[in-house]
Asker: 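Before anything else, here's the structure in question.
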Amino acid sequence: MKSLLNETYQLPADAIEFYKKNRYIKLKNVLDAETLAYYGEAITRKVNEINKQDKPIDQRDTYGKAFLQIFNLWREDDTCKEFVLSKRLGQIAAELMQAEGARLYHDQALFKEAGGGITPWHADQYYWPLSTDKTITAWIPLQPVPLEMGPLEFSAGSHAIVEGRELAISDDSEQKIQQKLRVTDFKHVIEPFDLGEVSFHSGWVFHRAGANNTDQIRKVMTMIYMDRDMILKEPENENQKKDWEVWCPGAKVGEVIETYLNPVIYSK
């Protein structure tokens, strides 16, 4: 089908400055209803096929209640691959990062079930053995996300905080980061997402999501991008060691990450 995926997106004039200051941005009309319906169906089908979670929500821990998490769909399905390797989304990522190009770190579907719990405050880059902060995640709802469905929330500009970066997603991160943010001047941004609206946030900005208090699944697809010339650093925790093995197999510390799992999505 003809879609917007390979068409250029014109960033608003102030978008790069806004992102540089706040380390997140929400952009309207990145994708249209037809594109989201077509690719959303393929993503949903693959998530349902791969998902092995069968434990009732009330019997899971906080992380398990937050979402169903399925990784690297681009390796599992050709239609999902078209979506994940989209030049349009890669172009936005590269321009916001102010990089010469964007390379895929990995993708993940995040489906928050009806009745699903909160996603605790955290910073993604805690998990990543990446040498700079030129990283960005596209958070792409496959349907409108009203407040009661648990949209992504941001602490604008909180990439400046070092305290809390050492915390994995957990009850502990929710409590400690929330306490830290409460005594700062960073603006807490919590807004619904329209259909076709996509957010982009950097690896070190703190963010969370509320519970899904509706009777529908909140279906979101995400792609994590890094600077095309990103260098692998020596891992600083066990999660970063695991990420190196899983998402960058064969990459060498001190060298550009250019494995078969990390294709260049867009170059200027």
Side-chain angles (χ1 to χ4, degrees), residues 3-9 11 15-16 19-20 23-25 27 30-31 39 43 46 69-110 123-140 159 165 198-205 207 220-237 239-268:
S3 76
L4 295 176
L5 292 184
N6 290 310
E7 296 182 15
T8 300
Y9 180 84
L11 281 175
I16 292 175
Y19 180 81
K20 194 156 53 168
R23 286 301 201 277
Y24 88 92
I25 193 168
L27 298 171
V30 175
L31 299 170
Y39 289 99
I43 291 165
K46 212 65 196 174
Q69 187 175 29
I70 307 295
F71 299 100
N72 264 8
L73 293 181
W74 78 279
R75 300 277 297 168
E76 303 289 340
D77 178 90
D78 285 343
T79 304
C80 294
K81 182 177 181 179
E82 290 175 14
F83 190 82
V84 172
L85 304 188
S86 156
K87 293 288 190 295
R88 182 179 181 87
L89 294 160
Q91 166 236 325
I92 297 171
E95 291 185 5
L96 291 174
M97 288 189 293
Q98 296 184 279
E100 289 301 306
R103 187 185 293 276
L104 185 68
Y105 185 55
H106 67 78
D107 72 53
Q108 53 185 358
L110 300 174
D124 298 330
Q125 201 152 336
Y126 159 81
Y127 292 92
W128 305 339
L130 307 179
S131 60
T132 77
D133 64 354
K134 286 197 173 184
T135 60
I136 196 167
T137 298
W139 198 84
I140 309 158
H159 62 286
R165 288 185 175 187
V198 175
S199 68
F200 292 81
H201 66 271
S202 82
W204 284 124
V205 79
H207 56 284
V220 171
M221 187 62 184
T222 69
M223 279 87 85
I224 302 166
Y225 306 95
M226 55 188 171
D227 183 349
R228 179 194 66 190
D229 303 317
M230 182 63 73
I231 290 172
L232 184 77
K233 73 172 183 180
E234 192 69 51
E236 297 176 2
N237 58 53
N239 283 294
Q240 289 185 8
K241 287 180 184 177
K242 184 179 178 182
D243 259 34
W244 178 9
E245 294 168 3
V246 175
W247 308 126
C248 317
K252 295 180 180 178
V253 171
E255 296 183 8
V256 173
I257 300 168
E258 45 187 353
T259 82
Y260 70 99
L261 287 182
N262 310 113
V264 174
I265 308 297
Y266 172 84
S267 280
K268 292 182 179 178

Asker: Which value, rounded to the nearest 0.5 Å, describes the distance between Thr132 atom OG1 and Gln125 atom CD?
Answerer: 7.0 Å
Asker: Give the intermediate values and the outcome of side-chain contact (heavy atoms from CB on, under 4.5 Å) for residues Leu27 and Leu11.
Answerer: CA-CA 8 Å; Leu27 298 171; Leu11 281 175; 3.7 Å; yes
Asker: Tell me which one of Leu31, Ile43, Leu110, Thr222 satisfies side-chain contact (heavy atoms from CB on, under 4.5 Å) with Ile140.
Answerer: Leu31
Asker: Taking Arg88 for its side chain and Glu7 for its backbone only, find out whether a donor-acceptor pair lies under 3.5 Å.
Answerer: yes
Asker: Write down the atom of Met221, the atom of Phe83, and the distance for their closest heavy-atom approach.
Answerer: CG-CE2, 3.9 Å
Asker: Using a 3.5 Å distance criterion without hydrogens, assess whether the side chain of Trp244 forms a donor-acceptor pair with backbone atoms of Ala251.
Answerer: yes
Asker: Any side-chain heavy-atom pair from Tyr225 and Leu89 closer than 4.5 angstrom?
Answerer: yes
Asker: Heavy atoms only: give me the nearest Ala93-Ala102 pair and the separation to one decimal.
Answerer: CB-CB, 4.3 Å
Asker: Is the side chain of Ser199 donor-acceptor paired with the backbone N or O of Ile25 at a distance under 3.5 Å, no angle test?
Answerer: no
Asker: If we only count heavy atoms from C-beta on, is the Pro263 to Leu85 side-chain gap below 4.5 Å?
Answerer: yes
Asker: How far does CG of Asp133 sit from CH2 of Trp204, to the nearest 0.5 angstrom?
Answerer: 9.5 Å
Asker: Treating Asn237 as the side-chain partner and Gln240 as the backbone partner, does any N or O pair qualify as donor plus acceptor under 3.5 Å?
Answerer: yes
Asker: Starting from the C-alpha separation in whole Å, work towards a yes-or-no answer on side-chain contact (heavy atoms from CB on, under 4.5 Å) for Cys248 and Ile257.
Answerer: CA-CA 7 Å; Cys248 317; Ile257 300 168; 3.9 Å; yes
Asker: So which atom in Leu130 and which in Met226 form the shortest heavy-atom distance, rounded to 0.1 Å?
Answerer: CD2-SD, 3.9 Å
Asker: Drop me the distance from Thr135's OG1 to His201's NE2, to the nearest 0.5 angstrom.
Answerer: 8.5 Å
Asker: I'd like to know if the side chain of Asn72 reaches the main chain of Asp107, judged simply by a donor and an acceptor atom lying under 3.5 Å from each other, with no hydrogens or angles considered.
Answerer: yes
Asker: Has the side chain of Glu234 got a donor or acceptor atom that lies under 3.5 Å from a matching backbone atom of Gly254?
Answerer: no
Asker: With distance as the sole test, does Tyr39 use its side chain to make a donor-acceptor pair with the main-chain N or O of Val84 at under 3.5 Å?
Answerer: no
Asker: Go through the steps to decide whether His207 and Asp124 satisfy the test side chain to side chain donor-acceptor pair (under 3.5 Å), and finish with yes or no.
Answerer: CA-CA 9 Å; His207 56 284; Asp124 298 330; 3.2 Å; yes
Asker: Would you check if the side chain of Arg103 reaches a backbone N or O of Ile265 as a donor-acceptor pair within less than 3.5 Å?
Answerer: no
Asker: Would you check if Val256 and Leu232 make a side-chain contact, meaning some heavy-atom pair closer than 4.5 Å?
Answerer: no
Asker: Give a yes or no on whether the backbone of Ile231 and the side-chain of Ser131 come within a donor-acceptor separation of less than 3.5 Å.
Answerer: yes
Asker: What closest approach, in Å, do Ile224 and Leu104 show between heavy atoms, and which atom pair accounts for it?
Answerer: O-CD1, 3.6 Å
Asker: Does the side chain to side chain donor-acceptor pair (under 3.5 Å) test come out yes or no for Tyr9 and Gln91, once each step is laid out?
Answerer: CA-CA 8 Å; Tyr9 180 84; Gln91 166 236 325; over 6 Å; no
Asker: Ignoring hydrogens, what is the shortest heavy-atom contact between Asp77 and Thr79? Give both atom names and the distance.
Answerer: OD2-N, 2.9 Å
Asker: Kindly indicate whether the side chain of Asn262, heavy atoms from C-beta on, has any atom under 4.5 Å from the side chain of Met230.
Answerer: no
Asker: Would a 4.5 Å heavy-atom cut-off, applied to side chains only, mark Ser86 and Tyr266 as touching?
Answerer: no
Asker: CZ of Arg75 to CG of Leu73: how many Å apart, nearest 0.5 Å?
Answerer: 12.5 Å
Asker: Which one of Trp128, Phe71, Trp74, Tyr127 satisfies the ring-ring contact (aromatic ring centres under 6.0 Å, His included) criterion with Tyr105?
Answerer: Trp128
Asker: Write down the atom of Gln98, the atom of Lys134, and the distance for their closest heavy-atom approach.
Answerer: O-NZ, 2.9 Å
Asker: Do Ser267 and Arg228 make a side-chain contact, defined as non-hydrogen atoms from C-beta onward lying under 4.5 Å apart?
Answerer: yes
Asker: More than 12 heavy atoms of other residues, nucleotides or ligands under 6.0 Å from NZ of Lys233: is that the case?
Answerer: yes
Asker: To the nearest 0.5 Å, what is the distance between CD1 on Ile16 and CD on Glu95?
Answerer: 6.0 Å
